[in-house]
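Beneath this line is the structure, given in structure tokens, with notes to follow.
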Protein chains: 2
Amino acid sequence: MKTPKLPAFPRSAGVTTHDYAFERLRQAIMVGAFPPGTPFTIRGLADALESSSTPVREALRRLTSIGALQSLENRRIVVPNMTPSRFEELISLRILLESHAARRAVAHLSDRQIDAIVAIDDAIEVAILAGDKAEALIANQEFHRKIYMGNPDPVAMPLIESVWLQLGPILGIAMDHVTQLYVIDRHREAIKALRQRDEDAVAEAIGADIREGIGGFDKQAIGKLLALAGEEVGTLGITS
Amino acid sequence: MKTPKLPAFPRSAGVTTHDYAFERLRQAIMVGAFPPGTPFTIRGLADALESSSTPVREALRRLTSIGALQSLENRRIVVPNMTPSRFEELISLRILLESHAARRAVAHLSDRQIDAIVAIDDAIEVAILAGDKAEALIANQEFHRKIYMGNPDPVAMPLIESVWLQLGPILGIAMDHVTQLYVIDRHREAIKALRQRDEDAVAEAIGADIREGIGGFDKQAIGKLLALAGEEVGTLGITS
DNA sequence: TGGGTACGTAAGTGATCACAATTGTTCTCC
DNA sequence: GGAGAACAATTGTGATCACTTACGTACCCA
């Protein structure tokens, strides 16, 4: 049981090996490619990325500091474990931070930017109808990001992404066990409020979107998901 | 103009060079030892810490990912610049996150833990009366941290510390130009609310504490502080 | 048969070196 | 005297190696 396999990721020129490794791992974790407990080794990843240990170590250290990975006392690096109460904390943080970020972005978003957000929402619907869960997930994150990044000083964005990263693993498990994604019409509500520049309504719509989306899992459901994940760890997503 | 000088820091046994470098730099930045724009070089820090570049690079990378430092396009690493609007964003995030974290910790704090928090508040007052601004600052952070860490799943704590780190540089400047610290009786209010297990009152007291503390600087005051810092950069805190 | 020890393997850590890119300096020419 | 080019110094990047620690397995003895 060495290192998990990585989804492909394009590497543009001029990017350092370190940045590439970091981004690739970050994306993979954020979309739930690795269940909680997945171990990461420096040498294994260096082999997988066809580089040496130095940039990989730096990437793992960075991911650890933003909460995406956890450094055990053994110095082993793993995907953090999830508990129902930690899940609930993370969801409450998502609602808190993203309602706030959305509210503070409203005044800065131009009509053209809102049009782009609408386009992303359309892409989400297309992905859902096509049954492409991974694509829907990425587009959904892009929808939220585009709103919050309207703020010229998006200092909250790294914090929000840290929470996303911590929810990634459980998200991946949920995606594997949810038969059908449903269309979230809270996005329409948020868009309407954005066009009206109604800060309270935008914040409320984003909060409701999270609550009714991933936040809709109650403690029992999370417990079930974690049990399912427990069965699968070691047989899925792990090479050799 | 090479690297900034570092305050001393105890290194306990069993700690890796990397962790030591990271913690030492982190502490220094959090208490405002470096004004915005201060450059950091790997070799300079490695010399200062009497180690090699590998652990220092990892520490700098970690600090960059949590917002404490900024990586320029030149690949130079500096303390991020501050603007009045970014400052305002950071303060609003502090209020948001810390009110929330305080509220969610209330139910978990034992009477003994509250006693420890009171003791820290006393230490703050002692430090203020003694005119020891740095010590007062550190004790104040400890006061807040002790409250929020009452939560058994303190997932918000790293996010809060990220905001503290980003406010550190301006905090350091403010400390140099504030003649006298005043005693914040909002802490007493928070303690009283803690003892009564009144979540709303605790959240309100913490929010008010931040608003009336560092959050009390308005945009004009921040502009003045930044101008003062501009004069001093290059002559203060920089060696050779 | 059970537990403890010893050994081999795997993995993290940190120092060093070669290379590339950037920056700073100086020298020359107009 | 000033602008530009060539050169030198500094710095970041990544690969490699030696060292130490943690883990797993097998062996030995009670």
Side-chain angles (χ1 to χ4, degrees), chain A residues 1-6 9 11-25 34 37-65 68-80 233-234 238-240, chain B residues 1-6 9 11-25 34 37-65 68-80 233-234 238-240:
Chain A
M1 189 154 106
K2 277 200 194 147
T3 47
K5 53 186 169 187
L6 284 171
F9 196 79
R11 176 171 185 178
S12 41
V15 174
T16 63
T17 306
H18 156 71
D19 277 327
Y20 173 69
F22 175 76
E23 269 310 317
R24 187 161 167 184
L25 288 170
F34 314 117
T38 307
F40 285 80
T41 64
I42 295 171
R43 284 177 171 84
L45 281 175
D47 287 346
L49 297 173
E50 293 177 345
S51 67
S52 70
S53 59
T54 309
V56 169
R57 270 172 58 190
E58 293 167 8
L60 291 181
R61 287 248 150 88
R62 284 184 63 184
L63 289 164
T64 300
S65 6
L69 296 176
Q70 183 182 13
S71 181
L72 271 45
E73 332 70 52
N74 329 343
R75 291 175 170 171
R76 286 280 151 76
I77 292 176
V78 298
V79 176
V233 162
I238 311 281
T239 64
S240 77
Chain B
M1 190 154 105
K2 279 204 192 141
T3 45
K5 52 186 169 187
L6 284 171
F9 196 78
R11 175 172 186 179
S12 42
V15 174
T16 63
T17 307
H18 157 70
D19 277 327
Y20 173 69
F22 174 76
E23 268 312 316
R24 187 161 169 185
L25 287 170
F34 313 117
T38 308
F40 285 80
T41 66
I42 295 172
R43 283 177 172 84
L45 282 175
D47 286 347
L49 298 172
E50 292 176 346
S51 67
S52 69
S53 59
T54 308
V56 169
R57 269 171 57 189
E58 292 168 7
L60 291 181
R61 288 248 150 89
R62 283 184 64 184
L63 290 165
T64 300
S65 6
L69 295 176
Q70 183 182 14
S71 181
L72 271 44
E73 334 69 51
N74 331 344
R75 291 171 172 177
R76 286 280 150 76
I77 291 177
V78 297
V79 175
V233 161
I238 310 280
T239 63
S240 74

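Note that the coordinates shown come from a computational prediction; the quantities given were computed from them, not determined experimentally. Convention: sequence-line order gives letters A, B, ...; per-chain numbering from 1.
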Check against salt bridge (Lys or Arg N to Asp or Glu O under 4.0 Å), Arg62(B) and Asp19(B) = CA-CA 10 Å; Arg62(B) 283 184 64 184; Asp19(B) 277 327; 3.5 Å; yes

Figure out the CD1/C1' separation between Ile42(B) and dG12(D), and round it to whole Å.
-> 5 Å

Output the single nucleotide from dT13(D), dG14(C), dG12(C) whose closest atom is nearest the side chain of Ser52(B).
-> dG14(C)

Is the closest side-chain heavy-atom distance between Thr16(B) and Pro55(B) below 4.5 Å?
-> no

Does the side chain of Val78(A) reach to within under 4.5 Å of the side chain of Leu69(A), using non-hydrogen atoms?
-> no

To the nearest angstrom, the CG-P distance between Asp47(A) and dG12(C) comes to 12 Å

Gap between atoms OH and C1', on Tyr20(B) and dT13(C) respectively (whole Å) | 17 Å

Whole Å only: how far is the CG atom of Leu72(A) from the C1' atom of dG12(C)?
-> 13 Å

Considering only heavy side-chain atoms of Pro55(B), the closest of dA15(C), dA11(C), dA15(D) is dA15(C)

Roughly, in whole Å, what's the span from CD in Glu58(A) to C1' in dG12(C)?
-> 14 Å

Quick one: which of dG14(C), dG12(C), dT16(D) gets closest to the side chain of Arg43(A)?
-> dG12(C)

Tell me whether the OP1 or OP2 atom of dC23(D) has a side-chain N or O from Asn74(A) closer than 4.0 Å.
-> yes

Residue pair Ile77(A)/Ser53(B) against DNA chain C: nearer the 5' end by closest nucleotide is Ile77(A)

Just checking Thr54(B): base, sugar-phosphate only, or nothing, at a heavy-atom cut-off of under 4.0 Å?
-> base

Round to a whole Å and report the spacing from CZ of Arg76(B) to P of dT22(C).
-> 10 Å

Atom OG of Ser53(A) and atom CG of Leu45(A): how far apart are they, to the nearest 0.5 Å?
-> 11.0 Å

To the nearest angstrom, the NE2-P distance between His18(B) and dG12(C) comes to 13 Å

Short side-chain N/O contact to dG14(C) OP1/OP2 from Thr17(B), under 4.0 Å | yes

On DNA chain D, nearest-nucleotide positions of Arg75(A) versus Glu50(A): which is more 5'?
-> Glu50(A)

Closest nucleotide among dG12(D), dT21(D), dA15(C) to the Thr41(B) side chain = dG12(D)

Name the nucleic acid region contacted by Arg57(B), choosing base, sugar-phosphate or nothing; use a 4.0 angstrom heavy-atom cut-off, strictly under.
-> base

Presence of Thr16(A) side-chain N/O under 4.0 Å of dT13(D) phosphate oxygens OP1/OP2 | no

Whole-Å distance between dT23(C) C1' and Glu73(B) CD?
-> 14 Å

Residue pair Val56(A) / Phe40(A), side-chain heavy-atom distance below 4.5 Å = no

